[in-house]
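These numbers come from a predicted model, not from an experiment. Just so you know, ligand 1 is whichever comes first in the structure, and atom 1 is the first atom listed for that ligand. The figures here come from the full heavy-atom set of this structure, side chains too, leaving out hydrogens, waters and symmetry mates.
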Amino acid sequence: MKTRRVLTAITMAVIAFFFSATPLPVAASVVEHTFVVSQMNVTRLCKETLVTVVNGQLPGPVIDVTEGDSVVVHVVNKSPSNITIHWHGVKQWLNCWADGVPMITQYPIQPNHNFTYQLNITGQEGTLWWHAHVPGLRATLHGAFIIRPRHGASSYPFPKPHKEIPIIIGDWWQMDLALLEKHFKKEIVDDLPVAATINGKIGDLYNCSGAVEDGYVLDVEPGKTYLLRIINAVLFSEYYLKVAGHKFTVVAADANYVNPYTTDVIAVAPGETVDALMVADAPQGRYYMVALPNQAPLPDPQIPVFITRGMVRYKYDNHGEEEGDPSNDVPMVPEMPDQHDTTTSFHFHGNLTSLHRPQRTKVPVQVDEQMFITLGLGSFCPHGRSCEKRWRGNSMGAATMNNVSFQLSTDMAVPLLDAQYYHCNSTSSSGDGIKLYTLPDNPPRPFDFTNPALTPDGSEAALLQRTIRATAVRRFRYGTVVDMVFQSTSLLQTDSNPMHLHGHDMFVLAQGRGNYNASRDVASYNLVDPPMKNTVLVPRIGWVAIRFVADNPGVWFMHCHYEFHLMMGMAAVFIIEDGPTVDSILPPPPLNHPKCGSHVNSLKANELYLLDNKVVSPA
Ligand SMILES: *[C@@H]1O[C@H](CO)[C@@H](O)[C@H](O)[C@H]1NC(C)=O
Ligand SMILES: *[C@@H]1O[C@H](CO)[C@@H](O)[C@H](O)[C@H]1NC(C)=O
Ligand SMILES: *[C@@H]1O[C@H](CO)[C@@H](O)[C@H](O)[C@H]1NC(C)=O
Ligand SMILES: *[C@@H]1O[C@H](CO)[C@@H](O)[C@H](O)[C@H]1NC(C)=O
Ligand SMILES: *[C@@H]1O[C@H](CO)[C@@H](O)[C@H](O)[C@H]1NC(C)=O
Ligand SMILES: *[C@@H]1O[C@H](CO)[C@@H](O)[C@H](O)[C@H]1NC(C)=O
Ligand SMILES: *[C@@H]1O[C@H](CO)[C@@H](O)[C@H](O)[C@H]1NC(C)=O
Ligand SMILES: *[C@@H]1O[C@H](CO)[C@@H](O)[C@H](O)[C@H]1NC(C)=O
Ligand SMILES: *[C@@H]1O[C@H](CO)[C@@H](O)[C@H](O)[C@H]1NC(C)=O
Ligand SMILES: [Cu+2]
């Protein structure tokens, strides 16, 4: 596209001008990794557990690149599970083939098979992460994905830190996590983690037979500044992170720079990342670093709270030995928010604004399409059962977007992206009735979405309405500017929902409590410096308004990053059509991508469109 080229040239000139005083860029290079996925036994809390890991590491290896680099990752699957790896937050411009979502962008990598991902890292800096896009297994198959500025650390829009440290909040399960989805489908819904972790370490709040667990220790030098690259990799909960006696300056979120925001508590939901500077400016000693999850208060169902802690330890000049030896000090403990405090998270997210930089993307003012999406629960009657109306009768719970619960057909013959690209039929012969269905732009019926009466007290299950179960898709013409309001509902529970869009960043224009009301709330939109995120936390009993430009052709997953919500169907697929020019058309798949098999019917162009809304599995 002409305008795009011109714009790019202008941007480059601006960047060149901006950086004329900074060192020359380092030459782009190819960063190559081999990820061997295998199972290993790990003993924690006196119990041996079988975990699936990359290269025997927990968390997995760090991918550390410079903006402009290419990344090649050879995945060797020596585990008994089907695996894909998703590069969470990497924009994958014209590269949807490498997005790593099973049966959406690729066939899963089967046991004893290999697959190579190739990605170009352009126009992004900061902290992202990678994880398996397999239910449950991402709890142990994940790692940091760090993108450094092309012009070196001196071009950070903040003082150059002394050290940069990934802080991954995770959870520890004493079960083979490949079973999580199997249990879930069999309606065994009481699987829970047993502990939380910081950088894989459980910490000293946990012990068995008196032996305290190891915790993560960050050694600091007095007066130095540390850049913490914080990632929430747990399966369900948003976490608060604090370090006793220290403050943070938040400088980026989801690999987008933000205006420096000083706080003593970080709020980070699954899928989100936060980059924060911490100055070691406290008296020398030891300070606990604590991560605590939050959850909705009663009458919401409560789960055990797994707190974890590590430590910030000042480097101590051991001249005098006995006196003042910090190992004899009692480490300072931070005062944490209450586990039911979700206001602190609301404020944390509300305080993020994007940093003004020449290369920052401007918010488009002309909106082409508007959608209002409710996030809620419903029920469905599994095939072959007769159901009463109630969930926990014979019917099962489902999570929905506008009353559609996302489900792929169990007999898909080709991934959706291939079906879209080659215009072939993605489902094969037998069929379980699950077909493509257009995600509606609005809920079927408006109701008082956040009415407390929707969350019943005690064990009495709500009369959850039937939902549509289908492969929810929404098509966008190339370049469409989309406004989308996500509305959390109070149906049965009042969770927040971290919504993650693949292949794009979203401008977060506003958030609010209660029901969204356009005639009141549009006035609160920040069109000047809204933060850009790949994962937006839709507050409990509240809403978020986002805007994004559908300018990356492909088939992109959009879903809640709480694992149970995702398994229950809080997801949809956005199909973004090719643009008018060569550089806005999705290239053919890499050679390692199996093509539509000959056993699959080939369709005439546009027939995939005809499948939309044709067949819906009977509820
Ligand atoms: C894990 O331990 C179990 C029993 O202790 C053993 O049977 C199994 O082979 C081990 N698996 C691995 C991958 O080491
Ligand atoms: C792995 O994927 C293949 C092909 O998609 C499928 O036939 C097989 O059932 C899957 N295996 C597991 C354990 O899910
Ligand atoms: C997968 O990669 C490993 C290590 O590079 C190699 O030894 C093996 O032959 C490959 N397997 C397949 C099926 O390509
Ligand atoms: C990465 O960039 C190079 C150079 O522009 C291009 O040739 C290659 O096709 C790109 N690869 C991917 C996977 O986008
Ligand atoms: C071990 O854990 C229990 C229960 O959490 C706690 O009461 C006890 O103090 C712990 N013991 C040690 C040595 O930390
Ligand atoms: C920013 O945080 C403070 C508390 O730390 C809060 O009072 C304020 O409302 C927040 N601002 C926004 C826009 O959320
Ligand atoms: C796709 O395949 C299914 C199952 O074989 C069949 O029912 C459907 O008609 C096919 N769709 C098209 C458009 O050919
Ligand atoms: C959701 O869809 C189902 C199936 O079409 C329908 O029965 C139900 O009434 C819908 N729910 C709402 C809230 O409109
Ligand atoms: C929406 O906001 C407008 C303007 O503030 C107000 O007049 C109206 O009553 C509100 N609607 C609802 C349903 O609260
Ligand atoms: Cu959710």
Side-chain angles (χ1 to χ4, degrees), residues 32-38 54-55 72-79 82-83 85 107-117 135 184 232 234-238 269-272 293-296 300-301 303 342 345 372-378 397-402 404-406 443 446-451 467 472 485-501 510 512-525 535-545 557-572 591-594:
E32 200 161 354
H33 285 265
T34 299
F35 277 17
V36 179
V37 181
S38 70
V54 168
N55 299 351
V72 176
V73 184
H74 308 285
V75 178
V76 179
N77 187 5
K78 293 190 170 165
S79 84
N82 285 339
I83 300 288
I85 305 285
Y107 290 96
I109 312 167
Q110 293 183 41
N112 297 313
H113 284 69
N114 298 350
F115 185 84
T116 298
Y117 291 94
F184 187 76
N232 182 337
V234 308
L235 296 189
F236 316 119
S237 305
E238 181 185 26
E272 291 187 306
N294 65 41
Q295 66 178 327
D300 270 56
I303 57 168
T342 49
S345 158
F372 180 82
I373 295 179
T374 52
L375 308 169
L377 295 182
T400 60
M401 292 170 65
N402 282 349
V404 188
S405 184
F406 186 85
F447 58 99
D448 180 3
F449 306 114
T450 53
N451 191 329
T467 69
V485 173
F486 291 111
Q487 173 76 58
S488 290
T489 64
S490 300
L491 285 161
L492 207 56
Q493 44 92 20
T494 60
D495 282 351
S496 57
N497 298 286
M499 300 303 292
H500 173 51
L501 174 59
R513 302 283 204 198
N515 296 338
Y516 175 80
N517 173 347
S519 51
R520 180 193 60 207
D521 294 325
V522 168
S524 70
Y525 284 10
T535 306
V536 292
L537 184 65
V538 187
R540 64 180 289 265
I541 323 180
W543 54 269
V544 158
F557 208 24
M558 145 64 84
H559 62 93
C560 182
H561 226 278
Y562 289 146
E563 203 75 342
F564 275 135
H565 287 187
L566 173 56
M567 289 194 294
M568 290 170 79
M570 196 181 281
L591 293 173
N592 63 353
H593 231 266

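Counting just the N/O/S atoms of His565, the one with the shortest distance to the Cu ion (ligand 10) is named ND1.
The protein does not reach atom 7 (O) of ligand 3 closely, with no heavy atom under 4.0 angstrom from it.
Just one residue in the list Thr489, Thr467, Leu491, Ile373 forms a side chain to side chain contact (heavy atoms under 4.5 Å, CB included) with Thr400, and that residue is Thr467. For the side chain to side chain contact (heavy atoms under 4.5 Å, CB included) test with Leu375, the passing option among Phe486, Phe449, Trp543 is Phe486; the others fail.
Residue Tyr562 does not count as close to the Cu ion (ligand 10), with no N, O or S atom under 2.8 Å.
Side-chain contact between Asp495 and Phe564: absent, with no pair of heavy atoms (C-beta onward) separated by less than 4.5 Å.
Residue, atom and distance of the protein heavy atom nearest to atom 13 (C) of ligand 3 are Asn112 O, 3.8 Å. What sits closest to atom 5 (O) of ligand 9 on the protein, heavy atoms only, is Arg520 CB, 3.8 Å. Shortest contact from atom 14 (O) of ligand 9 to any protein heavy atom: Asn517 ND2, 3.5 Å.
The distance from the OG1 atom of Thr494 to the CD atom of Gln295 is 10.0 Å, given to the nearest 0.5 Å.
A side-chain donor-acceptor contact under 3.5 Å links Glu238 and Asn294. A donor-acceptor pair shorter than 3.5 Å can be found between the side chains of Asn517 and Ser519. In this structure, a donor-acceptor pair under 3.5 Å is absent between the side chains of Arg540 and Ser488.
Counting only non-hydrogen atoms, the option in Asn114, Val75, Val36 that gets closest to atom 1 (C) of ligand 3 is Asn114.
Distances below 4.0 Å separate heavy atoms of Ser519 from the following atoms of ligand 9: 1 (C), 2 (O), 3 (C). Atoms of ligand 3 found under 4.0 Å from any heavy atom of Val76 (numbered from 1 in listed order, with element): 2 (O).
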